[in-house]
S.K.: 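Pasting a structure below so you can have a look.
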Amino acid sequence: MEKEWTDVLLYFIPAGLILGGMYLVIKKFIDRDQQIRLMELKKGMHRDSLPLKLQAIERMVLFLERISPDTLLPRLHRGGISAGQLHSDLLSTIRSEFEHNLTQQVYLSDEVWEQVKKAKEELLKIINTAASETGQQATGVHLSRSEEHTSELQSHSD
């Protein structure tokens, strides 16, 4: 009886070792195949997202250009407009432009997005400083000149 058990064990132990070895080989093959598929998927995602990232960068460059005082003031300044109205229009336009491009942050790095937000906030500060220096009763022309002067000083200090 005891010999029968040893004979059975002599058959099952090698068979178990072979099955275990086959399991490890197959598992390694499946893991490698999954890694290859994952790499291909990442390549495909990168290839598909690259145009979107470039488009987001282009839109942020356009946003920064559209809110620069050199392009913003000629678009918004109308003859006879008060400094208070121009101030309000400037702030409203900048915020509107920013909100229009808000979704682009998905495709930009955190660092780039923070720089865009910082540029917008700095411009809002410049506009608010210029408006407080000219006063609400001044004309839009006074605010424009004050703002141009303030932004020139700001760009020289950077």
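The structure displayed is predicted, hence computed values, not measured ones.
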S.K.: Quick check for you: to the nearest 0.5 Å, what is the distance between K120 atom NZ and E97 atom CD?
M.R.: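 Spacing of NZ (K120) from CD (E97) equals 12.0 Å.
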
S.K.: Out of curiosity, K125 NZ to I127 CD1, how far, rounded to the nearest 0.5 Å?
M.R.: 13.0 Å

S.K.: Side chains of R75 and R66: does their closest heavy-atom pair fall under 4.5 Å?
M.R.: yes

S.K.: Starting from Y107, can I reach F98 by hopping between I/L/V/M/F/W/Y residues whose side chains sit under 4.5 Å apart?
M.R.: no

S.K.: How long is the span from the CD atom in Q104 to the CG atom in L52, to the nearest 0.5 Å?
M.R.: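 That separation rounds to 8.5 Å.
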
S.K.: Can you tell whether the side chains of K118 and E121 come within less than 4.0 Å, N to carboxylate O?
M.R.: no

S.K.: Quick check: closest heavy atoms across P74 and P69, and the distance to 0.1 Å?
M.R.: CD-O, 3.8 Å

S.K.: Tell me which pairs pass salt bridge (charged side-chain N to carboxylate O under 4.0 Å, His left out) where either residue lies in residues 17-35, with sequence neighbours left out.
M.R.: K27-D31, D33-R37

S.K.: Checking L86 against L73 for the side chain to side chain contact (heavy atoms under 4.5 Å, CB included) test, could you report, in this order, the C-alpha distance in whole Å, the side-chain angles of both residues, the deciding distance, and whether it holds?
M.R.: CA-CA 9 Å; L86 181 58; L73 287 170; 4.3 Å; yes

S.K.: Tell me the side chain to side chain donor-acceptor pair (under 3.5 Å) pairs involving residues 15-24, sequence neighbours left out?
M.R.: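 For residues 15-24: none.
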
S.K.: Would you mind reporting whether T129 and E133 have side-chain heavy atoms less than 4.5 Å apart?
M.R.: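 SC-SC contact between E133 and T129 confirmed.
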
S.K.: Write out all pairs satisfying ring pair (Phe, Tyr, Trp, His ring centres under 6.0 Å) with one or both partners inside residues 114-133, taking only residues at least two apart or from two chains.
M.R.: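 Residue pairs passing ring pair (Phe, Tyr, Trp, His ring centres under 6.0 Å), neighbours aside: none found.
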
S.K.: Measuring from R59:CZ to H100:NE2, what's the distance to the nearest 0.5 Å?
M.R.: 4.5 Å

S.K.: Is there a side chain to side chain contact (heavy atoms under 4.5 Å, CB included) between E58 and L62 once you walk through the steps?
M.R.: CA-CA 6 Å; E58 289 172 359; L62 181 60; over 6 Å; no

S.K.: How long is the gap from CG on L90 to CD1 on I94, to the nearest 0.5 Å?
M.R.: 6.0 Å

S.K.: Set out, in order, the CA-CA distance, both residues' side-chain angles and the distance that settles side chain to side chain contact (heavy atoms under 4.5 Å, CB included) for T134 and H87, then state yes or no.
M.R.: CA-CA 10 Å; T134 57; H87 177 238; over 6 Å; no

S.K.: For F63, I'd like to know if atom CZ has over 12 heavy atoms of other residues, nucleotides or ligands within 6.0 Å.
M.R.: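 Counting neighbours around CZ of F63, more than 12 heavy atoms of other residues, nucleotides or ligands fall under 6.0 Å, so yes.
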
S.K.: So, do M60 and L108 sit near enough that their side-chain heavy atoms are less than 4.5 Å apart?
M.R.: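 A side-chain contact exists here, since the closest heavy-atom pair is under 4.5 Å.
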
S.K.: With a 4.5 Å limit on heavy-atom distance, are the side chains of W113 and L102 in contact?
M.R.: yes

S.K.: When you look at V116 and N101, which way does the side chain to side chain contact (heavy atoms under 4.5 Å, CB included) test go after all the steps?
M.R.: CA-CA 11 Å; V116 169; N101 290 291; over 6 Å; no

S.K.: With rounding to the nearest 0.5 angstrom, report the CG to OG1 distance, L76 to T71.
M.R.: 9.0 Å

S.K.: Taking the side chain from S96 and the backbone from S92, do they hold a donor-acceptor pair closer than 3.5 Å?
M.R.: no

